[in-house]
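Here's the structure, in C-alpha cells; my notes come after.
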Amino acid sequence: MENKKENFSEWYNEIITLAELSDKRYPVKGMNVWLPYGWKIMSLIDSIVRKAVDKKNFQEVNFPILIGRSMLEVEFEHIRGFENEIYWVTKGGKENLEEELALRPTSESAMYPMFSLWVRSHADLPLKIYQIVSVYRYETKHTRSFIRIREIHFFEAHTAHATYEDAEAQMDQYKEIWREISSQLCLPYFYDQRPDWDKFPGAKYTIAFDTVLPSGRSLQIGTIHQYGTNFSKNYDIKYLKEDGSFDYVHQTTYGMSERLLAAIIGIHGDDKGLVLPPDVAPIQVIIIPIPGSGVLEYARDVENTLSTINIRVKVDDRENYTPGYKFNDWEMRGVPLRIEVGEREVKNRTLTLSMRNIPGKVTIERSKVIYEVPDALIRIREKMMDDAQKVFRDHVFRASKLEDFTNEGLITAFWCGSKECSDRIESETEKSALGFMVGSNETGKCVVCGKEGRLAVFSKSY
RNA sequence: GGGGCCGUGGGGUAGCUUGGUAUCCUACGGGCUUUGGGAGCCUGAGACUCCGGUUCAAAUCCGGACGGCCCCA
C-alpha cells in the first residue's frame with residue numbers, strides 16, 4: 001500500500017482499486033464503473049442527502065437526460081459557460097436529427113421551461129425540487145476518479161421564490177442542510193464566495209464549500225447559487241401576485257457530486273486503507289470468527305441481535321482465509337468496527353471490539369452489545385470529525401505578503417477582489433483565489449496592491 | 001491550449017537497445033492442510049491495446065488510432 005502523506009495521488013488511485021470502489025478499466029475516458037462496494041457507499045451518501053433535504057420540504061423529481069438545442073440556447077451567459085463541454089446527440093439511428101440534443105451538463109435548461117408552466121401564482125411558491133442523476137461534461141483536463149470525470153453523479157436542488165429575500169433565506173437553509181450532511185460525513189470545510197469570473201454561469205453569486213486533501217490541494221465539494229431573476233427572465237418564469245400584477249421568480253440551486261466520496265476517501269483514509277464514517281459504511285460492524293467449537297453459532301447470534309437494532313453487520317465466515325487476513329482486509333475496506341469472537345469469548349460470554357480509528361481492543365459483555373456497539377460507532381464518528389478538523393487546521397496558513405504563500409494547503413490573506421491581483425498571485429504562487437471567506441468581516445490591505453481588502457482563501461485546486 | 005512519458009495474463013511487472021522459445025510476484029480454479037494480525041505444499045487456467053507497414057520471422061523496428069500518466073499555460 002502506498003504511503004498516503006508522501007504519495008497522495010498514487011495512494012488515492014490504489015485504494016480505489018483495492019477497496020473495489022470503481023473499476024478504472026472501462027474503455028471510455030472519464031466514465032466510472034461503480035462496483036458494488038463503492039456504489040453502496042455512494043447510495044448511503046445519497047440517502048443522507050435525501051433525508052436532509054426532504055426534511056426541508058424538497059421533493060424529488062427526475063428529468064430527462066436529453067435537452068433540445070433550442071432549450072439550451074437561450075441567449076445569455078449560462079450556455080456560454082458550458083458550450084465547450086457539452087456532448088451532443090446528432091443522430092437517431094442513421095438519420096441526422098432535425099434538432100440536436102444535448103446530454104445535460106446540469107439541468108437548468110431542462111427544468112426551467114417546465115417551471116414556466118408549473119408556476120402560475122404566488123400560491124405555487126416556493127417551488128423546491130431536487131434530483132440525483134448523471135450529468136455529462138466533456139472535460140478536457142485529465143480525469144481522476146470521483147474528482148474530475150465526464151459522467152458525474154450529481155445532486156441538484158432547484159428552487160423558485162416570490163422575492164429575493166425568500167431566495168436569500170433559501171441560501172441560508174442550504175447551509176443548514178450542509179451542516180447536517182457534513183457532520184455525518186465528518187468533513188471540514190470553508191464557505192468561499194467565488195469571484196465573479198469563477199461563479200456558476202448565469203448566477204448572481206456562488207458560494208462554494210471547499211475542503212482540502214492531504215496533497216494540499218483544495219477540493220470543491222458543494223456549491224450553492226443565487227440566481228436572482230437571471231434565469232426566470234430568460235425562461236419566462238412568472239407568477240401572479242396578490243395585487244394582480246406579474247413578477248419573475250427568484251431562484252437558487254444547490255449542487256454536489258461524488259466528490260463527497262473523494263473527500264471521504266482522501267481526508268479519512270490512512271496507510272491501511274479506507275476509513276469510513278459509520279453513517280456511510282456499507283458494513284458498520286464486521287464479525288470475525290476465530291475457528292473453534294460453538295464460535296460460528298455465537299457469532300451469528302450476535303449478528304442477529306445487532307440486525308434487530310438496524311446495524312449493518314456481517315459475519316465473515318469465509319473458510320479459506322485466516323483471521324489475520326480478514327482483519328487487514330476489512331480495515332482496508334474501512335469498516336468502522338470489528339468484533340472478534342473465538343472460544344475465549346464464547347466461554348466468557350464476552351466480545352472483543354476493535355475500532356478502525358482508535359488503537360487497541362476492548363472486551364465487552366455479550367449482554368450489553370446493543371448499547372456498546374451504537375456507542376462505539378458514535379465515538380468513532382466523533383474521533384473522525386476531530387481528527388479531520390485537526391488536519392484541516394494544519395493545512396490552513398495565514399499570509400500577510402506574497403512570499404508567505406509557500407505552504408501546501410489553503411492560504412488566507414487579504415485581497416482587494418480584483419482579477420489583476422488574483423492573476424498575479426496565481427502566476428507567482430500557483431494558487432488562485434477561491435474567493436472571499438464567507439462569515440469573516442476582517443478587513444485589511446490587499447497582499448498584492450495594498451488597497452483595502454477582505455479576508456480571502458487561496459489554493460491550488462483540483 | 002502546449003510539451004513529455006507509457007500501453008505485456010484480473011492487478012503489478014521482466015523482456016524491447018541487438019527481431020526468433022514471454023519472466024517473476026500477486027490474485028483466481030481444484031486438492032490437502034492451517035486459522036487469536038496478511039499460513040504452507042501440490043496442481044491448473046490465464047497476456048504482448050488495435051489497425052496498417054517493414055521482414056522468412058514483430059511484444060521488440062516504423063506510421064496511425066484508441067487509452068493511461070506527468071509537467072507547463
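Just so it is clear: chains get the letters A, B, ... in the order the sequence lines come, proteins before strands, and each one is counted from 1. All heavy atoms count here, side chains included; hydrogens, waters and symmetry mates do not.
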Between [N] and [M], how many Å separate the two [atom1] atoms, rounded to a whole number?
{"N": "U49(B)", "M": "G10(B)", "atom1": "P", "result": "11 Å"}
{"N": "C6(B)", "M": "C48(B)", "atom1": "C1'", "result": "15 Å"}
{"N": "C71(B)", "M": "A14(B)", "atom1": "C1'", "result": "28 Å"}
{"N": "C62(B)", "M": "G68(B)", "atom1": "C1'", "result": "23 Å"}
{"N": "G38(B)", "M": "A27(B)", "atom1": "C1'", "result": "14 Å"}
{"N": "C70(B)", "M": "U33(B)", "atom1": "C1'", "result": "48 Å"}
{"N": "C16(B)", "M": "C5(B)", "atom1": "C1'", "result": "16 Å"}
{"N": "A39(B)", "M": "U34(B)", "atom1": "C1'", "result": "6 Å"}

Of all heavy-atom pairs between A388(A) and H268(A), which one has the smallest distance, and what is that distance?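 In this case the closest contact between A388(A) and H268(A) is CB-CE1, 3.9 Å.
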Between which nucleotides of RNA chain B, read 5' to 3', does contact with chain A run, using atoms under 4.0 Å from its heavy atoms? G10(B) to C72(B)
R356(A)/D270(A) ion pair, N-O < 4.0 Å: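 Yes, R356(A) and D270(A) are salt-bridged.
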Atom pair NZ (K431(A)) and CG (L410(A)), whose distance is rounded to the nearest 0.5 Å: 8.0 Å
Remember a base hit wins even if backbone is also touched, and classify [X] as base, sugar-phosphate or nothing at under 4.0 Å, heavy atoms.
{"X": "T143(A)", "result": "sugar-phosphate"}
{"X": "K361(A)", "result": "base"}
{"X": "E331(A)", "result": "base"}
{"X": "R318(A)", "result": "nothing"}
{"X": "E345(A)", "result": "base"}
{"X": "R344(A)", "result": "base"}
{"X": "P27(A)", "result": "sugar-phosphate"}

Will you find, in the side chains of [X] and [Y], an N or O donor that is under 3.5 Å from an N or O acceptor?
{"X": "E345(A)", "Y": "T352(A)", "value": "yes"}
{"X": "H153(A)", "Y": "D46(A)", "value": "yes"}
{"X": "S145(A)", "Y": "K24(A)", "value": "no"}

Below 3.5 Å, can you tabulate the donor-acceptor pairs from side chains in residues 449-462 of chain A to any protein atom, sequence neighbours excluded?
| from | atom 1 | to | atom 2 | distance (Å) |
| --- | --- | --- | --- | --- |
| S459(A) | OG | S218(A) | OG | 2.5 |
| Y462(A) | OH | S215(A) | OG | 2.9 |

How are the rings of H78(A) and F200(A) set relative to one another: parallel (under 30°), tilted (30 to 60°) or perpendicular (over 60°)?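 Taking F200(A) first and then H78(A), their aromatic rings sit tilted (interplane angle of 30° to 60°).
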Can you list the steps and then say if V28(A) with E151(A) is a side chain to side chain contact (heavy atoms under 4.5 Å, CB included)? CA-CA 11 Å; V28(A) 180; E151(A) 179 177 51; over 6 Å; no
Where each residue is assigned the nucleotide of RNA chain B containing its nearest heavy atom, which of K24(A) and I290(A) is assigned the position nearer the 5′ end?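 The residue whose closest nucleotide sits nearer the 5' end is I290(A).
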Nearest nucleotide by nearest heavy atom, which residue falls closer to the 5' end of RNA chain B, K141(A) or N328(A)? N328(A)
Does a side-chain heavy-atom distance below 4.5 Å link Y298(A) with P289(A)? no
All stems with RNA chain B, defined as three or more consecutive Watson-Crick or G-U pairs under 3.5 Å: B:1-7 with B:66-72, B:10-12 with B:24-26, B:28-32 with B:40-44, B:49-53 with B:61-65
